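Quantities reported herein were computed from a predicted structural model and do not represent experimental measurements. Throughout, numbering of the chain's residues begins at 1 and tracks the sequence.
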Amino acid sequence: MDERLPQYLHKPVQILWFGSDEFVLVITVIFVAVVVGGMLGWALIAGLLLFVPWLRTKPRGFIPHLAWRWGLISFRNYPGPTQTRFFE
């Protein structure tokens with residue numbers, strides 16, 4: 001049986017020209033902009049056009065860690081975002 005490995009194992013998943021985090025964000029914002037419509041919808045798309053280039057200056061996994069810091073999600077076996085002292 002012949003099995004092939006990708007050429008670059010360290011590269012992130014890319015959909016169109018967006019990373020996986022960016023793609024989910026773009027699709028969600030466009031969907032909400034279409035549902036809301038009007039000037040607010042256009043403002044969401046303009047905000048997206050400003051946010052994506054800023055997001056590309058950050059390391060991979062920035063959005064989930066930002067959501068963790070804001071308390072929206074929690075990582076299993078990780079301390080909370082307000083934890084400042086650690087004991088092993």
Side-chain angles (χ1 to χ4, degrees):
M1 179 176 354
D2 186 28
E3 294 184 24
R4 296 181 155 227
L5 292 174
Q7 184 178 4
Y8 302 106
L9 294 176
H10 65 283
K11 285 197 169 189
V13 175
Q14 191 171 4
I15 304 168
L16 298 175
W17 55 87
F18 298 112
S20 58
D21 293 353
E22 293 173 352
F23 184 74
V24 170
L25 182 69
V26 167
I27 293 299
T28 304
V29 168
I30 289 175
F31 177 75
V32 170
V34 167
V35 169
V36 171
M39 290 303 291
L40 183 59
W42 286 111
L44 286 171
I45 291 180
L48 180 68
L49 291 175
L50 295 174
F51 185 71
V52 169
W54 175 77
L55 183 64
R56 289 185 178 173
T57 64
K58 303 297 179 197
R60 260 182 15 199
F62 177 73
I63 292 178
H65 282 89
L66 189 63
W68 170 78
R69 180 170 289 184
W70 289 345
L72 300 175
I73 62 172
S74 62
F75 295 130
R76 192 174 44 175
N77 298 327
Y78 271 55
T82 58
Q83 186 75 31
T84 57
R85 295 171 53 192
F86 302 98
F87 301 103
E88 291 186 32

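- In this structure, Ile27 is a member of the same hydrophobic cluster as Leu40, with clusters built from ILVMFWY side-chain heavy atoms closer than 4.5 Å.
- Val24 and Trp68 fall into different hydrophobic clusters, where Ile, Leu, Val, Met, Phe, Trp and Tyr residues are linked whenever their side-chain heavy atoms come under 4.5 Å apart, directly or through other members.
- Follow the hydrophobic side-chain contacts under 4.5 Å out from Leu16 and you reach Phe51 in the same cluster.
- Among residues at least two apart or in separate chains, side-chain hydrogen bond (donor to acceptor under 3.5 Å, both in side chains) pairs with a member in residues 22-39 are Glu22-Arg56.
- Applying the salt bridge (charged side-chain N to carboxylate O under 4.0 Å, His left out) rule to pairs touching residues 72-84 yields nothing, sequence neighbours excluded.
- No continuous path of hydrophobic side-chain contacts links Phe23 to Ile45 [ILVMFWY only; heavy atoms under 4.5 Å].
- Scored by the ring pair (Phe, Tyr, Trp, His ring centres under 6.0 Å) test, Trp17 finds no partners at all (sequence neighbours excluded).
- Shown here are the side-chain contact (heavy atoms from CB on, under 4.5 Å) partners of Trp42, two or more places apart in sequence or in another chain: there are none.
- There is a path of hydrophobic side-chain contacts, each under 4.5 Å, that joins Val52 to Ile30.
- Taking all atoms of both residues into account, the shortest heavy-atom contact from Ala33 to Gly41 is CB-O, 3.5 Å.
- Here Val29 pairs with Leu25, Leu44, Leu48 under the side-chain contact (heavy atoms from CB on, under 4.5 Å) rule; sequence neighbours left out.
- A search for ring pair (Phe, Tyr, Trp, His ring centres under 6.0 Å) contacts involving Phe62 returns Trp54, not counting sequence neighbours.
- Residues satisfying the side-chain contact (heavy atoms from CB on, under 4.5 Å) test with Ala67, not counting sequence neighbours, are Leu72, Ile73.
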